[in-house]
Amino acid sequence: MSSCHEESRSVGLLPNPNIPVPRSTPGSSGQRQVTVAIIGPPNSGKSTLFNRLTGLRQKVANFPGVTVEHRTGAAKLKDRHLVNLVDLPGVYSLTPQSEDERVAHDVLKGEMPGIPKPDAIILILDSTNLGRHLVLAAPIISLGLPTLILLNMADDLELRGGSVDVSALAHDLSAPVALISAAKGTGIDRIQQFLTATAVNLTAPKPPRIELPVLQDVPKCRQWATTVGRSASYRAPAPPLWTRRLDGVFLHKVFGPLVFAVVVAAVFQSIFSWGKPLGDGLQDVIQYSGRWMSGLMPDTLFRSLLIDGVWTGVGSVIVFLPQILLLFLFIGVLEDSGYLARAAFIADHTMSKFGLQGKSFIPLLSAYACAVPAIMATRVIESKRDRMATILIAPLMTCSARLPIYILLIAAFIPNLPVLRGLLNLPAATMLGLYLLGFLAAVMTARLLKSTVLKSKGSALVLEMPPYRWPTLRSLSLRLIDRSKVFLYRAGTVILLVAVVLWCCASLPLEHGKRPPLEHSFAGMVGKTIEPAIRPLGFNWKIGVGLITSFAAREVIVGTLGTIYGIEGDEHTEGLQQAVRHDLSPAGAVALLVFFAFAMQCFSTMAVVRRETGGWGWPAAQFLYMLLLAYVGSFVTYHVVGHFWH
Amino acid sequence: MASKRKHLAAESGDAQVLTLAQLRVGERGILERLDLPEDLARRLMELGFLPGHEVVPARMAPGGGPRVFRVDGSEVALRHDTATKLLVHRASSRAAGSETSRRAKKV
């Protein structure tokens with residue numbers, strides 16, 4: 001490949017893109033794969049552009065040694081060449097101060113192991129805020145790599161009466177410049193052209209005509225950006241009127257928190273009223289197809305493994321996909337529209353009472369989806385102690401892996417009665433209550449930590465409020481596809497494995513060459529052994545088996561119960577809901593909900609906490625603390641609820 | 001533009017120096033200096049909190065929480081105690097254009 005490398009660098013030996021290049025390996029072009037880095041300040045529309053260019057040909061990964069997430073993907077050019085794109089974190093400068101800046105700096109300098117030095121850079125800036133965003137152009141141009149400068153949100157700029165002379169800017173900076181709208185997809189041809197040219201022509205660009213400032217001097221850099229902008233006749237647009245009008249409501253002293261509460265309640269209500277029918281439909285399909293398949297096979301142990309073990313176990317988890325996707329859809333809409341920053345603003349004062357800050361709110365909110373990315377997102381918190389506290393409380397937030405068992409138990413036990421004058425129904429209110437319970441446990445724990453081991457003086461909050469934007473269907477659907485992949489991957493690996501192991505434990509040792517009753521199986525024996533410990537919480541040995549398996553991952557319990565009852569059940573396998581009603585009293589069910597709200601049943605989270613805190617000490621302490629909370633919490637719940645509700 | 005602002009700031013040298021937290025909503029201030037640790041000061045400067053530049057408080061959070069400031073074409077929320085470390089003077093009538101005239105200004 002090295003000879004191709006040399007050739008492609010010299011202009012004289014340009015391969016004509018119209019002539020098919022002989023392919024060295026299937027799926028790759030004959031040329032060396034070109035790497036292009038995409039960089040821009042936060043809120044410049046970098047991710048939208050990346051999604052637009054790569055579509056589904058992208059993957060999320062971690063840079064080696066650091067926890068800053070990055071995405072790589074392949075952009076397909078018109079001539080079918082693939083260009084390797086790296087999406088860098090949003091930064092204002094390349095001064096390696098924060099982790100994000102260090103990552104961007106190292107990748108661009110070719111110092112990041114595992115990532116080839118980029119051959120070219122796409123710099124994306126918000127054209128409606130060019131004065132400030134142009135500052136990043138200085139350190140990028142000084143790298144001396146071929147650079148395409150994109151001025152994003154061109155539609156917004158025009159709409160609000162701003163303008164910029166693109167050719168003058170390109171002339172001053174000696175780099176191609178294009179006005180685009182990544183969300184609408186206008187100006188994308190220009191990027192295609194640039195990538196095509198880059199793929200064949202890798203010459204260093206000429207230095208800019210307006211001399212670069214000293215990069216460490218922020219005021220000088222800002223001054224430079226003003227000079228460049230003025231030379232390109234940049235006219236800043238009028239302030240975003242709609243954003244100000246909306247903020248007049250969303251950040252209002254009274255209406256702001258009210259809107260916040262309504263938004264959160266609406267999310268939960270719709271997860272139930274829209275997501276549940278979808279999940280039920282999926283469940284019918286899985287049950288029906290399971291019965292149909294079992295009719296095609298002779299009654300052997302193998303059929304039992306396949307249908308009772310794998311199909312029922314994995315299927316009982318997959319039915320929660322619609323509801324989990326709905327939750328991610330809402331989080332996506334809130335994030336892409338710009339409302340999340342407002343939520344952090346509203347939450348900051350409350351968070352400060354627990355020793356945290358508004359910025360902790362964003363990781364904590366993503367912890368509603370999953371604690372693993374949330375713990376990685378704590379990198380935005382500058383204060384080490386605040387960050388540690390946020391990491392330690394994040395797993396208490398109600399992650400989506402808790403949803404399957406919550407949904408199952410609520411549907412099985414909580415009657416559908418209206419509450420708050422019909423504004424919510426009791427199941428939705430219970431769900432909301434569980435979310436609140438996790439949140440309260442989290443903030444109380446934060447308070448405890450911040451007033452003892454992680455004591456610190458008040459920390460700073462620096463929170464940029466981006467203008468409101470319509471979320472695009474494209475970016476939302478990409479998120480959902482991504483989430484489905486992760487969920488189904490887990491269902492196909494961890495949960496499948498647990499289902500098979502569990503089936504074996506529940507079907508062995510054989511009695512007279514046949515499967516034993518569940519009580520006599522290995523799983524039953526283990527469940528019976530721990531039963532004395534969990535009996536005070538209102539759980540029997542079957543639930544105990546589920547609890548043990550769920551320490552791998554929370555959603556496994558539903559698969560486990562599916563497998564257990566699948567094995568136990570007769571020909572007409574009753575629904576999981578009816579089955580759990582036999583084994584749990586209402587008080588026991590509520591206690592089980594509380595147990596799941598508090599316990600740390602997720603190996604992935606413990607692994608990521610270990611990596612972030614640099615040892616097993618913190619995750620071990622966290623595990624024991626949460627287990628204690630879960631045990632005491634469900635013990636109290638069982639006895640209190642049992643007193644009122646038999 | 002920044003140098004002109006600095007000049008005007010020097011002219012009204014007798015103007016009272018106050019903290020950003022003391023400005024009322026909609027009142028224009030010209031930033032004089034940032035009494036903050038270097039890394040935090042740098043982050044704020046990257047967001048446009050530069051000496052000689054205009055800062056306008058825009059909104060308060062409920063219950064005495066953070067405030068939103070308009071600075072360099074965007075809005076940034078800061079806590080009260082951070083805002084007390086940013087020293088400003090009130091923009092003199094000559095330095096302060098109305099919203100519309102600022103809008104028309106080239107950056």
Side-chain angles (χ1 to χ4, degrees), chain A residues 41 43 91-93 95 97-98 126 128-136 160-161 218-219 221-223 225-226 229-230 233-239 243-244 247-248 251-254 256-257 341-342 344-352 357-358 382 458-467, chain B residues 1-6 25-26 31 33-54 56 58-86 99-107:
Chain A
N43 303 314
V91 292
Y92 291 108
S93 71
T95 321
Q97 211 169 41
S98 73
D126 179 356
T128 65
N129 203 349
L130 205 55
R132 189 154 67 76
H133 275 201
L134 261 176
V135 174
L136 185 61
R160 281 157 51 193
V218 183
C221 286
R222 183 63 186 82
Q223 182 67 47
T226 305
R230 197 184 297 150
S233 328
Y234 177 62
R235 178 182 286 270
T243 292
R244 295 212 175 157
D247 274 345
L251 300 183
H252 189 271
K253 280 180 201 174
V254 181
R342 275 73 186 181
F345 177 79
I346 292 199
D348 182 68
H349 193 56
T350 315
M351 302 290 279
S352 73
Q357 50 153 310
E382 293 86 3
S459 53
L461 168 88
V462 182
L463 184 67
E464 211 186 334
M465 302 279 178
Chain B
M1 200 56 62
S3 62
K4 194 180 168 193
R5 281 185 195 146
K6 259 183 204 154
V25 169
L31 202 61
R33 62 170 201 275
L34 298 87
D35 273 349
L36 288 165
E38 203 198 315
D39 49 339
L40 184 55
R42 192 187 170 89
R43 294 206 36 241
L44 288 181
M45 288 201 286
E46 283 171 357
L47 286 166
F49 289 91
L50 286 159
H53 279 233
E54 189 184 84
V56 186
R59 237 172 267 285
M60 313 242 320
R67 266 185 165 195
V68 178
F69 296 97
R70 275 183 202 137
V71 61
D72 206 356
S74 55
E75 304 201 335
V76 180
L78 298 177
R79 273 187 180 173
H80 181 82
D81 56 334
T82 310
T84 57
K85 307 280 167 47
L86 300 184
E99 183 90 84
T100 19
S101 73
R102 270 206 312 130
R103 215 184 279 172
K105 256 188 223 168
K106 286 166 188 177
V107 172

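Given the structure is predicted, the values throughout are model-derived calculations rather than measurements. Proteins come first, then strands; the chains are lettered A, B, ... in the order of their sequence lines, and each starts at number 1.
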Determine whether A:Arg244 and B:Glu75 satisfy the following criterion, side chain to side chain contact (heavy atoms under 4.5 Å, CB included), listing intermediate values before the conclusion. CA-CA 10 Å; A:Arg244 295 212 175 157; B:Glu75 304 201 335; 3.5 Å; yes
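- To the nearest 0.5 Å, the span separating CZ on B:Arg70 from CE on A:Met465 amounts to 11.5 Å.
- Heavy-atom distances place the side chain of B:Leu40, and not its backbone, under 4.5 Å from chain A.
- Heavy atoms only, all atoms of each residue included: A:Val218 and B:Leu50 are closest at CG1-CD2, 4.1 Å.
- Annotation for B:Gly48 and A:Arg132: closest pair N-CD, 4.0 Å, computed over non-hydrogen atoms.
- Here the closest non-hydrogen pair linking A:Phe345 and B:Ala77 is CD1-CB, 3.6 Å.
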Give the intermediate values and the outcome of side chain to side chain donor-acceptor pair (under 3.5 Å) for residues A:Thr95 and B:Arg42. CA-CA 10 Å; A:Thr95 321; B:Arg42 192 187 170 89; 2.7 Å; yes
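- With a 4.5 Å cut-off on non-hydrogen atoms, A:Asp247 touches chain B through its backbone and its side chain both.
- Taking CZ of B:Arg79 as the start and NE2 of A:His349 as the end, the distance is 9.5 Å to the nearest 0.5 Å.
- Only the side chain of B:Leu44 comes within contact range of chain A, with heavy atoms under 4.5 Å apart.
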Chi angles and distances behind the side chain to side chain contact (heavy atoms under 4.5 Å, CB included) call for A:Val462, B:Val76: CA-CA 7 Å; A:Val462 182; B:Val76 180; 4.0 Å; yes
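- Distance check: B:Arg67 CZ to A:Asp348 CG gives 14.5 Å after rounding to the nearest 0.5 Å.
- Contact annotation for B:Leu47: both backbone and side-chain heavy atoms come within less than 4.5 Å of a heavy atom of chain A.
- Both the backbone and the side chain of A:Ser352 come within contact range of chain B, with heavy atoms under 4.5 Å apart.
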